[in-house]
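Structure, as structure tokens:
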Amino acid sequence: HLTQQFERDAMFSFKQFPVIYTERLILRELVPADAEGVFAIRSDYDVTKYNIGAAYTGMNQAEKLIDGISEEYRMESAVRWGITLKEKNCVIGMVGFNYWNSTDNRGSIGFDLAQSHWRKGIMREAVRAMLNFGFINMGLHRIEADASIYNEASIGLLTSLGFQHEGIQRDQYYEDGLYHDLVMMALLEDNWQHIK
């Protein structure tokens, strides 16, 4: 069901932002007009409670996030997409490679989704497409992710896609007066070939 904009032998470069199409979704570049959609996602405590950083309280935070994502892309250090449904252009989530180490062929992913779209298989569809893009078009060998030990939904999604637990980063960040542990997970290209 997955179609890619690029052929298998066309290695991704940062010259043109890659748009990815799936059965129900379009993963596309975030633009300033998406600030309202991004704010709706990031201002929801239930969406952000396992993220590092508090829920947004002002639209300017969403605008700064979009600017930062665009700058990281210009610097060729990260590629992050807005998730939209094919029939609507409104951003309902975000997914992407928070960093890309081309020397080691390694990247790290992150994702979030508006609560109204939970439990519909949307994030699984988006992450599968992103992983496919990473291994095929970016030439990655290893894709990493981390999640709060309490974020059962994200850990379950990553596990279902073949990510393996590699350890716990104890007291990795401090928020709301507490230290929080992160689960370290990773997926290797060989394992992805057997799962997808």
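It should be emphasised that the depicted structure is a prediction, and the values quoted were computed from it without experimental measurement.
- Taking the side chain as every heavy atom from C-beta outward, Trp192 and Arg128 approach each other to under 4.5 Å.
- Here the closest non-hydrogen pair linking Leu158 and Ile109 is CD2-CD1, 4.1 Å.
- Annotation: side chain of Thr159 is in contact with side chain of His165 (closest heavy-atom distance under 4.5 Å).
- A donor-acceptor pair under 3.5 Å is absent between the side-chain atoms of Asp34 and the main chain of Gly37, judged by distance alone.
- Ring-plane geometry between Tyr73 and Phe12 is classed as tilted, the angle between the planes lying from 30 to 60 degrees on a 0 to 90 degree scale.
- With hydrogens and angles ignored, the 3.5 Å screen pairs no side-chain donor or acceptor of Thr84 with any backbone N or O of Cys90.
- Here the closest heavy-atom approach between residue Ala147 and residue Ile155 is recorded as CB-CG1, 3.9 Å.
- Residues Val38 and Ala62 share a closest heavy-atom pair of CG1-CB, 3.9 Å.
- In this structure, a donor-acceptor pair under 3.5 Å is absent between the side chains of Arg170 and Tyr179.
- The two residues Thr22 and Ala129 make their nearest non-hydrogen contact at CG2-CB, 3.5 Å.
- A 4.5 Å side-chain heavy-atom check between Leu187 and Gln164 finds every atom pair outside the cut-off.
- Within the 4.5 Å cutoff, side-chain heavy atoms of Leu131 are placed close to those of Leu161.
- Side-chain atoms of Tyr99 and Glu144 include a donor-acceptor pair closer than 3.5 Å.
- No side-chain heavy atom of Glu29 sits less than 4.5 Å from a side-chain heavy atom of Trp81.
- The closest side-chain heavy-atom distance from Met138 to Phe133 is below 4.5 Å.
- Put simply, the side chain of Asp44 does not reach to within 4.5 Å of the side chain of Phe39, judged on heavy atoms.
- A centroid separation of less than 6.0 Å is found between the aromatic rings of Trp100 and Phe14.
- A salt bridge links Arg80 with Glu72: the closest approach of a Lys/Arg side-chain nitrogen to an acidic carboxylate oxygen falls below 4.0 angstrom.
- You'll find the side chain of Asp112 reaches within 4.5 Å of the side chain of Arg42, heavy atoms only.
- Contact detail for Ser43 and Ala40: the closest heavy-atom pair is OG-O, 3.6 Å.
- Between Ala126 and Leu27, the shortest heavy-atom contact is O-CD1, 3.9 Å.
- In this model, a donor atom of one side chain and an acceptor atom of the other lie less than 3.5 Å apart for Arg124 and Ser160.
- With no hydrogens or angles considered, no side-chain donor-acceptor pair links Ser148 and Asn151 at under 3.5 Å.
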